[in-house]
Each structure stands twice: as C-alpha cells, then as structure tokens.
Amino acid sequence: MKLKTRLVLAFCIVILLPIALAITVLFGFYILQSRITWQNYGLDADDTYTFFSNTLQIMNRYTESDYTEILNLSKTDPELLESEAYLLEENEALWAKSSFLIFCKDGELVFNGYSGESSMDDAQWEETLPPYGDAREDSTPKVGYFIDGDTQSLIKQVDFICSDDAEGSVYIITSSESILPEIRTMLIELGIAVVLILALTAGLMTTWIYRGTITPIRKLQKATNNIKEGNLDFSIDYDEEDELGDLCRNFEEMRKRLKESTEEKMNTEQENKALISNIAHDLKTPITAVKGYSEGILDGVADTPEKQERYIRTIYNKANEMDRLLNELTLYAQIDTNRIPYNFNKIHVSEYFSDCVDEIGLDLETKNIGLSYFNYADEQTVIIADPEQLMRVINNIINNAVKYMDKRKGQINIRIKDVGDFIQVEIEDNGKGIAAQDLPYIFDRFYRTDSSRNSATGGSGIGLSIVKKIVEDHGGKIWATSKLNTGTIMYFVIRKYQEVINE
C-alpha cells in the first residue's frame with residue numbers, strides 16, 4: 001500500500017473510528033442506564049431518554065408512586081396522613097429516593113422529614129412552600145422550584161382537610177442532588193471512555209504506520225552501515241508496492257551498480273597492473289639487446305663495416321619494437337577511456353589492401369614467411385574506415401600469427417571476399433593453432449594462450465582486444481577458427497559504402 005494511501009486511510013480512521021466507537025459506547029451506556037433507571041426509578045427503556053434530556057421530569061417520575069399513594073389517602077383516609085408514625089415510615093421510604101416529607105397544618109410546619117444539614121429553618125420553609133389550595137385534584141401536582149445555590153428541589157403538594165377541619169398540606173420534596181451524582185458519574189465514565197477510544201485509535205494507527213515504515217527503514221539503515229563498512233555483498237528483500245518499497249528497490253539497484261562499479265574498478269586496476277607488468281617484461285628484451293649491441297660497437301667487437309651495419313640494424317629494429325609496445329600502451333589508455341582518434345574516409349578495397357600486402361610482405365620476407373593475397377571483391381568496392389586504424393588491425397593480426405609461428409616455412413594468406421553489405425577479410429596462418437578451450441577468450445584483455453613468459457611469445461596481451469575494439473567501432477565484428485598444429489584463420493567484416501539516392 002502506498003504511504004500516501006496509508007496516511008489518508010489513517011486520517012480517515014482517526015476521524016471515523018472514534019466516532020463509531022463513541023456511538024457504540026453511548027449505545028452501551030444507554031442500555032446500561034436503561035437497566036439502572038428501571039431498577040432505581042421504575043422507568044422502562046422508552047423513558048430512559050428522559051433521564052438524559054429532562055432531569056426535572058425524571059425527578060417527577062421518581063416519586064410518582066408515592067405521590068399517588070398520598071393523594072389517594074387524602075381522599076380515603078386523610079387521618080392517616082396526620083399520623084406521625086405514617087409520616088416517619090413514608091419519609092424513610094422517600095429518603096431512599098433522596099426525597100423527604102413536610103406536613104403543614106393551617107400554614108404552620110408540623111412535620112419536617114429532612115434529616116440532613118439544611119440551610120433553611122422551619123419558618124423559611126413555611127414562607128417558601130406554596131399555600132393551601134395551590135394543588136388541584138384534577139391535574140398533575142403543583143410543581144415549584146426552590147433554588148439554593150446550585151441545588152434545585154421539586155415540590156409536590158397534596159391538600160386535604162384534617163380531622164379537626166384544619167387545612168393540611170403534605171409536600172414531597174425531591175432534591176436534584178439525587179440525580180446529579182449519577183449524571184456526574186456517567187459524564188466521568190463517558191470522558192474516560194472517550195479518552196480510551198482516542199488512545200486505542202492512536203495506538204492502533206501508530207502501530208500500523210510504525211510497522212509499515214520501521215521495517216524498510218531498519219533494512220535501509222543496515223544497508224547503509226554495510227556500505228559504510230565497505231560491504232556490498234548483501235541484498236534488501238523488501239518488495240511492498242509503496243514509496244518505501246520503491247526506495248528500497250532503488251537503493252538495491254544503486255548497491256548493485258556500486259558493486260559492479262567497484263568490481264570493474266578493481267578489474268581495471270588489475271588489468272593496468274598486468275599491462276604494466278607485461279610491457280615492462282617485454283621491454284627488457286629489446287633494451288637488453290640494444291645495450292648489448294651498443295656495447296659491442298663501443299668495445300670494437302663490430303670491427304667490420306658489415307658487423308657494424310648488422311649491429312645498428314638490430315638496434316634500430318629493437319627500438320621499433322619498443323616503440324610498438326609504447327604505442328600499444330598509449331592505445332590501450334585511449335581504448336579504456338573511449339578516446340581512440342578515428343578519421344573515417346571512403347577507401348577503395350582493392351587499392352588499400354594491395355598497398356597493405358606490399359608493406360607487410362617486405363617484413364615477412366625477412367622472417368622467411370610467405371604471403372599470399374587474394375581479392376574476390378569487385379574492383380570498385382568501397383568501404384568507410386579509418387585507414388590507419390584498419391592497418392593497425394591487420395598488423396596486430398599478422399604480428400600475432402608471426403609470434404606463434406612454429407613451422408620452418410611459415411605461410412600467411414590474406415583473402416578479401418564480398419558478403420552482401422560487407423566485405424570479409426580472412427587472414428590465415430599455418431602456425432601452431434589455438435586450443436578449442438582457449439578460442440572463445442583470445443579477444444579478452446591480457447588473455448594469453450601461452451603462459452610461459454619468454455621472448456619468443458612475449459607481448460602486452462592486448463593486441464587482439466585492440467583489434468576487436470577497432471573492428472566493432474567500425475560497425476563490424478571479428479571471430480576466429482583454429483586447429484591445433486594446423487593453423488588459425490581470423491575473420492572480420494567491414495560494412496561497404498552505399499550511396500543514398502534521393503528521388
């Protein structure tokens with residue numbers, strides 16, 4: 001789930017869940033209060049709403065049965081209402097309902113059933129209570145309000161004629177204090193319930209969001225610590241479809257790329273070390289020869305013009321060999337930074353390869369290696385190539401063939417073929433060949449089929465990798481076939497130049 005969706009949902013739940021729980025709690029309180037009012041006040045469930053909406057009405061119903069009994073006695077047996085024993089008994093019953101009786105005769109207070117601390121004396125009650133005759137027999141009892149501070153009292157009046165023809169009034173007085181404690185308790189309970197609901201909702205939402213965010217954050221924290229310590233061999237396995245999941249996947253992709261970059265950097269450093277080691281080793285042989293032949297000339301060993309010329313030519317050849325090695329080093333640096341300088345031109349295949357064969361043939365002749373050239377392409381065939389770099393490709397392949405030539409009479413054949421949109425160059429030798437297990441790797445940097453480091457098979461180990469790079473930069477490809485003790489054929493193709501005719 002998306003983090004945005006999670007937060008929106010959490011916001012809605014924080015609003016709606018407390019409301020739903022509050023309604024549930026209120027309904028529960030309603031059911032509970034219905035039972036309480038039924039037990040305490042004798043009201044059924046339909047009248048429970050009155051308890052919450054009209055306190056005065058519930059106070060009225062609270063003593064309704066007692067009022068009815070006294071009203072009936074006033075008609076059937078008024079003398080009983082004058083009995084102190086009856087008044088005490090009824091007052092005790094009313095006291096359980098936070099009510100009490102007052103009996104007045106001819107306006108004078110005769111019986112006061114209030115047994116608590118009162119702020120009013122009998123005279124004040126006489127002045128406050130409604131006079132005889134205010135109660136009507138054909139209507140609901142007279143209800144008066146007596147306010148003492150925050151206290152409200154409900155007064156019910158029953159008038160009757162005493163046995164001595166005096167005017168008597170019985171008052172049932174109910175204090176709101178009987179109801180307020182229950183309301184206060186209910187409000188406290190509701191407040192506690194609301195607090196618990198909010199705490200529960202906040203706890204649930206916090207736990208939900210925490211679990212949805214802390215797990216990927218801990219994984220990311222552990223991952224950053226691993227990277228800080230240089231450890232890249234780990235993975236982040238968090239695949240949730242949310243923002244943090246996207247962050248974890250992006251971090252994992254960054255880790256993979258960083259690991260690849262680090263490994264590539266290490267491999268490059270190893271290759272550079274191998275290149276320096278190879279070239280340093282290969283430079284020792286020509287340098288040693290140059291020093292030896294130079295000392296021979298200085299010491300007078302070359303005492304004839306013929307020897308001097310041979311010594312000087314050898315020094316010249318060794319200097320060229322060192323120059324070639326240094327050129328390979330320079331070209332390797334250019335390859336590594338993709339900065340090989342190309343100068344592409346239209347080249348006539350027939351003329352170009354004829355010149356190459358003439359130049360190569362002179363050098364191979366001195367090494368007792370034969371060279372044959374066959375051009376099967378049309379004389380007008382043209383390619384787009386860099387003549388200098390293409391010549392480097394041919395020279396590197398020829399030099400590699402010469403290096404591994406093991407026959408007394410070596411032979412190299414160059415064939416040019418037309419293969420549709422490309423011209424195909426084949427350079428075949430009759431050297432010792434390449435083993436099948438080595439053939440797939442001969443174009444890799446520093447790969448050497450001959451691990452013995454000697455002057456006969458020396459080299460930087462990057463000759464064929466340079467060839468592959470140049471051919472591919474020309475839009476072609478290169479491959480080889482070989483057979484041990486028979487020879488090797490190198491193939492590469494270069495795209496032909498085709499003019500685009502605009503109609």
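For this chain, numbers begin at 1 and follow the sequence in order. None of the values given here were measured: they were computed from a predicted structure.
Residues S74 and L81 meet the side-chain proximity criterion, which asks for heavy atoms closer than 4.5 Å. Within the 4.5 Å cutoff, the side chain of T488 has no heavy atoms near those of the T481 side chain. Using a 4.5 Å heavy-atom threshold, the side chains of C162 and E167 count as separate. Two residues are said to be in side-chain contact when any heavy atoms from C-beta on lie closer than 4.5 Å; Y497 and N345 fail this criterion. At least one side-chain heavy atom of L220 sits under 4.5 Å from a side-chain heavy atom of L247. For the pair I383 and K346, the minimum side-chain heavy-atom distance is 4.5 Å or more. No side-chain heavy atom of F100 sits under 4.5 Å from any side-chain heavy atom of L94. I423 has its side chain out of reach of V493: every pair of non-hydrogen atoms, C-beta onward, lies at least 4.5 Å apart.
With sequence neighbours left out, the salt bridge (Lys or Arg N to Asp or Glu O under 4.0 Å) criterion links D106 to no other residue. In terms of the side chain to side chain contact (heavy atoms under 4.5 Å, CB included) criterion, residue partners of D77 (sequence neighbours excluded) are, by chain and number, L73, E79, L80. Listed by chain and number, the residues in a side chain to side chain contact (heavy atoms under 4.5 Å, CB included) with N250 amount to none (sequence neighbours excluded). Under the side chain to side chain donor-acceptor pair (under 3.5 Å) criterion, D421 pairs with Q498, not counting sequence neighbours. Applying the salt bridge (Lys or Arg N to Asp or Glu O under 4.0 Å) test to E89 and every residue at least two apart in sequence or in another chain returns nothing. In this view, K105 and D164 satisfy the side chain to side chain donor-acceptor pair (under 3.5 Å) rule, not counting sequence neighbours. Applying the salt bridge (Lys or Arg N to Asp or Glu O under 4.0 Å) rule to D386 yields no partners; only residues at least two apart in sequence or on another chain are considered. Shown here are the ring-ring contact (aromatic ring centres under 6.0 Å, His included) partners of Y342, two or more places apart in sequence or in another chain: F344, H474. Contacts of D233 classified as salt bridge (Lys or Arg N to Asp or Glu O under 4.0 Å), with partners at least two apart in sequence or in another chain: K259. With sequence neighbours excluded, the residues forming a side chain to side chain contact (heavy atoms under 4.5 Å, CB included) with L87 are L101, F103, F111, listed by chain and number. Partners of L439 by side chain to side chain contact (heavy atoms under 4.5 Å, CB included), not counting sequence neighbours, listed by chain and number: I434, I442, A480, S482. Residues satisfying the side chain to side chain donor-acceptor pair (under 3.5 Å) criterion with K496, sequence neighbours excluded, are D418.
The distance from atom CG of N91 to atom CD of E84, rounded to the nearest 0.5 Å, is 11.0 Å. Of the inter-residue distances, the one linking I227 atom CD1 with K222 atom NZ reads 13.0 Å to the nearest 0.5 angstrom. The line from CD of Q157 to CG of L71 is 11.5 Å long, rounded to the nearest 0.5 Å. Distance check, rounded to the nearest 0.5 Å: CD of E252 to OG of S235 gives 5.5 Å. With values rounded to the nearest 0.5 angstrom, S99 atom OG is found 9.0 Å from I173 atom CD1. Atom-to-atom distance recorded for L154:CG and T63:OG1 is 6.0 Å, nearest 0.5 angstrom.
For I384 against I494, the heavy-atom pair with the smallest separation is O-CG2, 4.2 Å. Of all the heavy atoms in S169 and D159, the pair that sits closest is OG-OD1, 2.6 Å. Contact record, C104 with L109: SG-CA, 3.8 Å, taken as the closest heavy-atom pair.
The closest donor-acceptor contact from the side chain of E82 to the backbone of S163 lies under 3.5 Å. Formation of a donor-acceptor pair under 3.5 Å by the S261 side chain with backbone atoms of R257 is not found in this model. At least one donor-acceptor pair closer than 3.5 Å links the side chain of N396 to the backbone N or O of G463. Between the D165 side chain and the I161 main chain, no donor and acceptor come within less than 3.5 Å of each other. A side-chain donor-acceptor contact under 3.5 Å links R255 to the backbone of F234.
For E472, the CD atom is densely surrounded, since the number of other residues' heavy atoms within 6.0 Å is greater than 12. Heavy atoms of other residues, nucleotides or ligands lying less than 6.0 angstrom from CD of Q437 number more than 12. Around atom CD of E269, more than 12 heavy atoms belonging to other residues, nucleotides or ligands sit under 6.0 Å away.
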Open item on the list: Run the side-chain contact (heavy atoms from CB on, under 4.5 Å) test on M391 and N395 for me, step by step, so that the C-alpha distance in whole Å, both residues' side-chain angles and the decisive distance to 0.1 Å come before the verdict.
Closed with: CA-CA 6 Å; M391 186 64 189; N395 281 333; 3.5 Å; yes
Open item on the list: Could you walk me through whether I470 and L390 satisfy the side-chain contact (heavy atoms from CB on, under 4.5 Å) test, starting with their C-alpha distance in whole Å, then the side-chain angles of each, then the deciding distance to 0.1 Å, before giving a yes or no?
Closed with: CA-CA 8 Å; I470 295 174; L390 189 56; over 6 Å; no
Task: Steps toward side-chain contact (heavy atoms from CB on, under 4.5 Å) verdict (I478, F443) - done: CA-CA 9 Å; I478 185 169; F443 297 104; 3.7 Å; yes
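There is a side-chain donor-acceptor pair under 3.5 Å between R392 and Q389.
Applying the ring pair (Phe, Tyr, Trp, His ring centres under 6.0 Å) test between Y114 and each of W125, Y171, W95 identifies W95 as the sole match.
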